[in-house]
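To start, the structure itself, in structure tokens.
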Amino acid sequence: MPHDPDPPPAKRFKPGSPFFRLDKKPDMLLPRAGHAIVSVDAQRKQLPIYQTRTQVINQLRQLHNAVFIGETGSGKTTQIPQYLYEAGIGRQGVIAITQPRRVAAISLAGRVAEEKKVQLGKLVGYTVRFEDVTSSETKLKFMTDGMLLREAIGDPLLLRYTVVILDEAHERTVHTDVLFGVVKAAQRKRMEQNKIPLKVVVMSATMDVDLFSQYFNKSPVLYLEGRQHPIQIYYTKQTQTDYLQAALVSIFQIHQEAPPSHDILVFMTGQEEIEALARTCRDISKHLPETCGPMTVIPLYASLPPVQQLRVFQPAPKGSRKVVISTNIAETSITISGIKYVIDTGMVKAKRYNPDSGLEVLAVQRVSKAQAWQRAGRAGREAAGSCYRLYTEEEFDNFASMTVPEIQRCNLASVILQLLALGVPDVLNFDFMSKPSPESLRTAVEQLCILGAVDRKDDQVSLTPLGKKMACFPLEPRFSKTLLISPDFSCTEEVLTIISLLSVDSVLYNPPARRDDVLAVRKKFISSEGDHMTLLNIYRAYKKVSGNKDWCRENFVNSRNMGLVLEVRAQLRDICIKMNMKLESSLSELVNVRRCLAHGLFMNAAELQPDGSYVALDTHQPVAIHPSSVLFQAKPACVVFNELLHTSRCYMRDLCLVDADWLQEAAPEYFRRKLRAMKS
DNA sequence: GAGCACTGC
């Protein structure tokens, strides 16, 4: 973190503001004021959307498709489903409202139940993973988009629904993007088969909705006006080479000039950066002149323990200014009240995907215009605010207008498998709103083919019986495959545990300050057979003490994530039972488990070279063992790994020691081809 | 001998 070792003199921040005022209206609707303390009924009527109620109902009665624009909080998400219901539209079935996030689905359902004065789970309910609060009475159902997609596998025409409202469509999650195509097809087929029609309503917070409208048969776009608060946008006069330094300067400039009750939200890219900036801010604020009030600096990012995350909602002590330094978690997931100033570095850490190498890279990059407006909007939730952009207006003009949808930058293997399970006949030409690249589609089909999930004849791709079973699990294809072959190795119980451990955030808690303690305590779990077996040991020890919290603390195990592991495991186990899989445990014979992993993860294998380096067998690229692996200091001849992480080098993470013979026996044809490819 | 944004089934 580049900054002066001594606290800089206060006046340094004063003269010559690096910003200039710009009177340009953002091309997006901004949030409105919060609710006053009045009855729910009165609140409903106070929403601006209430004025357009009749108009909205009339439109929705006639239309098969509609696109609504209006910022979250405008009331569209809570009111439109109620308007539909109250007007008797779609009464023959259920009205579904999808959300990208669980918390949103749950809290919106709670809010609407309150407004309808009903018990949650009756008329109004929600469905998210691990939780289904609905009943036969439920007519307004809030759910995650992933959940509706799961349901579609059993019911591709979505027959129980009369209306599907796809909310937060501008976020363009993979699930929402797949749903666009699924609901469109369901709508068409229901029409053709003379079934009850399906209405599709798309809701977005951004103005660039041409795509949505075009895609849904040029459906009309309805604008919902809001009581938004104006936000003053400032750009830098010159390009900033160091956004960290620029952020620091901006924070203290505002701190010296603005009333202490005006809080600041700073958008940065990651944990390390945030902690460094927080430290620097605290240091500097201690040495400011008396005229400057105190400052309460609060870092915010997802991997922070929940208790510490809650700190952002507490008001700063009287007279102190709250400065929240956050990742883009504050862009959508967490809304903080009282923010008057937003400082936007214009940078974000995001995943990129290379379909050729199959590598995902996490890289710091520019935000899109839409993202920059979303960030700016965070300054105007309750009153007028300001946004300081640490880039020039010219730079902003060159930002991409929209963030590239996730579906165009991720591995599509699960998506393709899911589409095939839905009965989509021609997956390679599926009607995506934003088409992924042909290479990306081809790579995904190729991977599924190698796993034995699909058959290819000419250009037609179809599901094998194995692939059909794989699609039943909420897992990445390579994991569902591993689980499905585990009965052959009599170790399904162990594989269930390992896969559950791998599908949640790490259960290992590694506070850097206590590195030596962590190493010492973890020693007793370490298996020379690799990280999977080590994790299995930790899980077994955790079960032995029945998840005792003190044990977790002493052993640096994240008990929350371990709790999630139990939930995931129970869900996967249920699916196994429904499939009549034999649930055996191989107890001390862990060689079976490793053999099973080799058979499931053979595409992620690497071999030791004579010079001590490693080469991935799939792509023949040089890879290395990540220093966090228990095998880091060992030199195993042959391993399978969970994922590749491209940072300073290409690292394998979560390794398991295997026999080269096992790999050969798992996929002889695949390795013959690889060998041929290498020789030529 | 490194260092990982955020969701979700």
Side-chain angles (χ1 to χ4, degrees), chain A residues 98-105 127-132 143-154 168 171-179 267-276 300-304 309 326-334 345 347-352 360-365 367 371 374 403 405-407 409-410 414-415 417-418 421 470-477 479-480 499-500 503-506 508 510-512 515 519 564 567-568 571-572 574-575 624-634 643-654:
Chain A
T98 70
Q99 294 293 320
R101 281 170 292 280
R102 293 164 54 94
V103 273
T127 306
V128 297
R129 190 179 187 184
F130 307 130
E131 242 187 305
D132 181 12
M143 58 205 303
T144 45
D145 45 17
M147 209 64 216
L148 184 59
L149 209 52
R150 273 275 139 213
E151 280 189 13
I153 291 180
E168 309 283 9
E171 289 193 25
R172 303 294 304 274
T173 67
V174 178
H175 289 154
T176 316
D177 264 34
V178 177
L179 271 179
F267 283 101
M268 304 292 292
T269 68
Q271 173 176 346
E272 209 176 276
E273 213 174 69
I274 287 168
E275 292 292 358
L300 179 64
Y301 42 88
S303 61
L304 215 55
Q309 279 191 9
S326 173
T327 60
N328 49 347
I329 192 170
E331 213 175 275
T332 48
S333 304
I334 292 178
T345 54
M347 305 304 278
V348 66
K349 202 177 277 181
K351 212 170 242 179
R352 281 187 193 161
E360 287 177 336
V361 186
L362 203 58
V364 172
Q365 49 201 292
V367 297
Q371 252 179 311
Q374 177 73 25
T403 311
E406 203 187 346
I407 199 140
R409 49 190 171 86
C410 71
S414 328
V415 170
L417 187 66
Q418 224 159 8
M470 283 167 64
C472 294
F473 290 96
L475 288 172
E476 281 176 51
F479 289 149
S480 47
I499 281 169
S500 305
S503 35
V504 305
D505 286 337
S506 179
L508 308 178
N510 297 314
R515 209 173 139 258
L519 284 176
L564 276 171
E567 281 195 289
V568 173
Q571 187 191 25
L572 299 178
D574 275 351
I575 301 172
I625 299 178
H626 196 276
S628 67
S629 170
V630 298
L631 293 181
F632 180 64
Q633 265 144 352
E643 62 173 356
L644 282 179
L645 178 76
H646 195 101
T647 50
S648 57
R649 300 167 76 179
C650 198
Y651 285 109
M652 303 179 272
R653 283 214 309 193
D654 295 319

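Throughout, a chain's letter reflects where its sequence line sits, starting with A, and its residues are numbered from 1.
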B:dG8 P sits how many Å from A:E151 CD, rounded? 17 Å
Could you state the CD-P distance from A:E476 to B:dC9, rounded to the nearest angstrom? 15 Å
How many whole angstroms separate atom CZ of A:R101 from atom P of B:dC6? 12 Å
Rounded distance (Å) that lies between atom P of B:dC6 and atom CE of A:M268: 14 Å
Whole-Å distance between B:dA2 C1' and A:M652 CE? 14 Å
Counting only side-chain N and O atoms of A:T144, is one of them less than 4.0 Å from OP1 or OP2 of B:dC9? yes
Determine the contact category for A:E406: base if any of its heavy atoms lies under 4.0 Å from a base atom, sugar-phosphate if only primed atoms, P, OP1 or OP2 are that close, otherwise nothing. nothing
Residue that, paired with A:I274, satisfies side-chain contact (heavy atoms from CB on, under 4.5 Å) out of A:T327, A:L304, A:L300: A:T327
Looking only at B:dA2, B:dC9, B:dG8, the nucleotide nearest the A:R150 side chain is B:dC9
Starting at the 5' end of DNA chain B and moving along, which residue's nearest nucleotide shows up first, A:P474 or A:Q271? A:Q271
Okay, side chain of A:E273, backbone of A:T269: is any donor-acceptor separation there less than 3.5 Å? yes
Between B:dG1 atom P and A:R649 atom CZ, what is the distance in whole Å? 9 Å
Would you classify A:Y301 as touching base, sugar-phosphate or nothing, given that sugar-phosphate means primed atoms plus P, OP1 and OP2, and contacts are heavy atoms under 4.0 Å? sugar-phosphate
Quick note, A:S333 side chain, CB onward, closest among B:dG8, B:dC6, B:dG1 is B:dC6
Can you tell me which nucleotide in B:dC6, B:dG3, B:dA2 comes closest to the side chain of A:S628? B:dA2
Using a cut-off of less than 4.0 Å, is there contact between a side-chain N or O of A:R102 and OP1 or OP2 of B:dC9? yes
Among B:dT7, B:dA5, B:dA2, the one nearest A:K351 by side-chain distance: B:dA5
Checking all strands, does A:I329 fall into the base, sugar-phosphate, or nothing category for heavy-atom contacts under 4.0 angstrom? sugar-phosphate
Quickly work out the A:I407 CD1 to B:dT7 C1' distance and round it to whole Å. 14 Å
Can you tell me if A:T327 touches the phosphate of B:dC6, counting only side-chain N or O atoms and a distance under 4.0 Å to OP1 or OP2? yes
In plain terms, say whether A:E171 and A:R101 are close enough for a salt bridge, that is, a side-chain N and a carboxylate O under 4.0 Å apart. yes
What is the distance, rounded to the nearest whole Å, between atom CG of A:L645 and atom P of B:dA5? 11 Å
Assess the side chains of A:D145 and A:T173: does a donor N or O sit below 3.5 Å from an acceptor N or O? yes
Once you apply a heavy-atom cut-off of 4.0 Å, does A:R129 come out as touching a base, just sugar-phosphate, or nothing? base
For A:R515, answer base if it contacts any base atom (sugar-phosphate contacts may also be present), sugar-phosphate if it contacts only those atoms, and nothing otherwise; contact means non-hydrogen atoms under 4.0 Å. base
May I ask you to decide if A:A350's main-chain N or O and A:Q365's side chain share a donor-acceptor pair within less than 3.5 Å? yes
Flag if over 12 foreign heavy atoms under 6.0 Å of CD, A:E567: yes
